[in-house]
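Everything quoted here is computed from the prediction, not taken from an experiment. Labels below follow one simple rule: chain letters A, B, ... track the order of the sequence lines, proteins then strands, and each chain is numbered from 1.
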There are 2 protein chains.
Amino acid sequence: MQKNFDCDKCFDAPEAIFSLLKPEQKEFVRERHSCVFYKKNDVIFKEEDEPIGLLVLCDGKVKVFREGVGRREQIVRMVKPYGLMGFRALFAEENHIATAVALEDAIVCIIDKDDLMKLIRENSDFAIGLMRSLATDLGFSNRRTVALTQKHIRGRLAESILFLKDTYGLEDDESTIKIFLSREDIANLSNMTTSNAIRTLSTFASEGVISITGRKIKITDMKKLERISSLG
Amino acid sequence: MQKNFDCDKCFDAPEAIFSLLKPEQKEFVRERHSCVFYKKNDVIFKEEDEPIGLLVLCDGKVKVFREGVGRREQIVRMVKPYGLMGFRALFAEENHIATAVALEDAIVCIIDKDDLMKLIRENSDFAIGLMRSLATDLGFSNRRTVALTQKHIRGRLAESILFLKDTYGLEDDESTIKIFLSREDIANLSNMTTSNAIRTLSTFASEGVISITGRKIKITDMKKLERISSLG
DNA sequence: GATATTTTATGCTGAAAAACATAACAAGCC
DNA sequence: GGCTTGTTATGTTTTTCAGCATAAAATATC
């Protein structure tokens with residue numbers, strides 16, 4: 001865990017939450033923030049930890065999961081660059097209820113709790129931006145609850161593949177998903193056992209819906225994949 | 001749907017969100033709000049509706065559910081007096097993704113979208129209060145996702161019973177849950193079929209964990225119920 | 001580059017829960 | 001009261017999926 005990496009992108013990118021800050025607030029954040037580098041597989045925060053502030057993912061990919069029955073993990077969120085982490089617990093005034101792990105090397109920009117509250121109090125647009133983020137996540141979580149409980153294995157897996165595509169996008173070939181997950185992570189995202197993730201992925205491949213090369217997933221029949229997902 | 005009922009409680013109760021408003025803001029809300037009465041089984045808002053503002057439940061009980069595969073409904077939230085509804089979609093800038101139905105006669109206090117935004121911009125404590133509500137709901141939803149997907153039927157039903165107890169409380173006898181749901185609603189809350197809800201409830205009764213009289217559920221062995229819930 | 005470890009692949013078995021069927025019972029309505 | 005409609009109850013069948021076992025392949029470690 002090294003300090004003071006470059007996270008200029010987080011201040012400049014229009015999708016980033018800091019774009020809502022006033023110039024003098026940006027300066028304040030530049031001075032006060034810290035920037036932390038995490039290696040692949042590093043834990044960023046874990047269940048029961050006390051929230052320290054707002055974390056902005058500058059670079060990399062992160063999974064956020066919760067451990068359930070028999071320590072089995074269920075991924076509740078996937079974070080992409082400029083995504084926010086760790087502040088839900090802060091506002092709910094409780095400790096973290098999930099664990100965040102870097103899926104590849106990541107740079108995270110951290111704003112301390114008190115500084116964050118100061119920014120919110122000074123700038124209602126910034127506050128509304130954070131509310132928007134919470135509201136979007138809540139919508140996602142509610143949709144997910146229903147999909148994971150009601151859809152059958154094939155539907156759940158198809159939905160997860162589409163979700164990964166929507167979140168991380170596609171390579172230049174316009175079909176390869178820009179994230180490489182282990183079969184176990186795919187299973188933990190889709191609420192199934194690893195065996196079933198492997199089995200169902202190869203069924204999809206044999207049906208010509210996707211093609212697999214190692215951890216690389218290529219969507220070869222989007223229409224069919226969407227049909228499988230929506231039919232459940 | 002009649003207008004102008006009494007919803008003074010929403011302004012006076014310390015648990016209500018309006019307690020965070022400044023005196024002149026309270027006056028503003030008193031003037032501008034509308035108060036609507038819903039009969040049992042009335043739809044308050046439904047999936048795909050455009051959000052109109054912030055809804056505060058002054059009196060009654062409400063279920064919020066989402067329709068999934070084959071129109072099967074999954075209850076994502078239960079609202080009790082002073083609970084908030086309908087503003088998640090507003091902040092996420094999308095239409096409602098769930099339907100709210102009154103489980104018994106209800107009084108709802110409505111603040112228009114623009115008025116709400118004005119209050120938020122003027123008062124950061126109020127904004128933070130709303131953030132807290134979103135953050136708490138998101139935590140609940142994430143916990144729920146994992147519980148509903150990983151626990152077995154008995155665990156899910158036990159958890160739902162405990163959840164209903166925590167949300168609506170107990171009668172004076174300190175064991176009867178203060179809400180009466182149909183078996184179908186209990187099933188939709190616990191992610192199971194109505195048959196299984198009925199079957200498992202009577203198993204619990206025969207095991208002495210609960211006792212049932214019609215729709216009235218009495219918890220007779222709290223420890224055991226908690227054990228069933230946590231073991232999954 | 002040889003060995004250990006993890007990940008992926010696939011078959012088989014049994015448990016869990018959904019689906020279906022039927023009936024008793026209660027409630028609202030003419 | 002008698003009728004319809006909705007809810008609750010319980011038994012039977014079928015489907016889905018988890019659990020387990022084993023092996024091959026890929027990756028990491030020394």
N-O pairing of [X] and [Y] below 4.0 Å:
X: B:Asp137; Y: B:Arg88; value: no
X: A:Arg144; Y: A:Glu159; value: yes
X: A:Lys63; Y: A:Glu73; value: yes

* Kindly determine whether A:Glu207 and A:Arg154 satisfy salt bridge (Lys or Arg N to Asp or Glu O under 4.0 Å), including the steps that lead there. => CA-CA 12 Å; A:Glu207 288 170 353; A:Arg154 287 169 58 88; 3.1 Å; yes

* Among C:dT7, C:dC20, C:dA9, which nucleotide sits nearest the side chain of A:Ile198? ->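 Selected nucleotide (nearest to the side chain): C:dA9.
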
* Where along residues 153-161 of chain A does a heavy atom come under 4.0 Å from DNA chain D, residue by residue in number order? -> A:Ile153, A:Arg156

* Asked: Counting only non-hydrogen atoms, which of residues 199-214 of chain A are less than 4.0 Å from DNA chain D?
  ->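 Contacting residues: A:Arg199.
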
How many whole angstroms separate atom [atom1] of [X] from atom [atom2] of [N]?
X: A:Leu181; N: C:dT8; atom1: CG; atom2: C1'; answer: 15 Å
X: B:Asn196; N: D:dT16; atom1: CG; atom2: P; answer: 16 Å
X: B:Ile186; N: D:dA9; atom1: CD1; atom2: C1'; answer: 14 Å
X: B:Met192; N: D:dT10; atom1: CE; atom2: C1'; answer: 17 Å
X: B:Lys151; N: C:dA17; atom1: NZ; atom2: C1'; answer: 18 Å
X: A:Glu184; N: D:dA26; atom1: CD; atom2: C1'; answer: 16 Å
X: A:Phe180; N: C:dT7; atom1: CZ; atom2: P; answer: 17 Å
X: A:Asn191; N: D:dT16; atom1: CG; atom2: P; answer: 16 Å

* Asked: Given the side-chain rings of B:Phe11 and B:His33, with only the six-membered ring counted for Trp, is the space between their centroids under 6.0 Å?
  ->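 B:Phe11 vs B:His33: aromatic centres under 6.0 Å.
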
Does [X] have more than 12 heavy atoms from other residues, nucleotides or ligands lying within 6.0 Å of its [atom1]?
X: A:Asp166; atom1: CG; answer: yes
X: A:Glu226; atom1: CD; answer: yes
X: B:Glu15; atom1: CD; answer: yes

* Between B:Arg215 and A:His152, which has a closest nucleotide on DNA chain D that is more 5'? ->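 Closest to the 5' end, via its nearest nucleotide, is B:Arg215.
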
* To do: Give a yes/no answer on whether the side chain of B:Thr193 brings an N or O atom under 4.0 Å of OP1 or OP2 in C:dA18.
  =>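 So the side chain of B:Thr193 is within the cut-off, an N or O lying under 4.0 Å from OP1 or OP2 of C:dA18.
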
* Asked: Does any N or O in the side chain of A:Arg156 come within less than 3.5 Å of the main-chain N or O of A:Asn191, such that one atom is a donor and the other an acceptor?
  -> yes

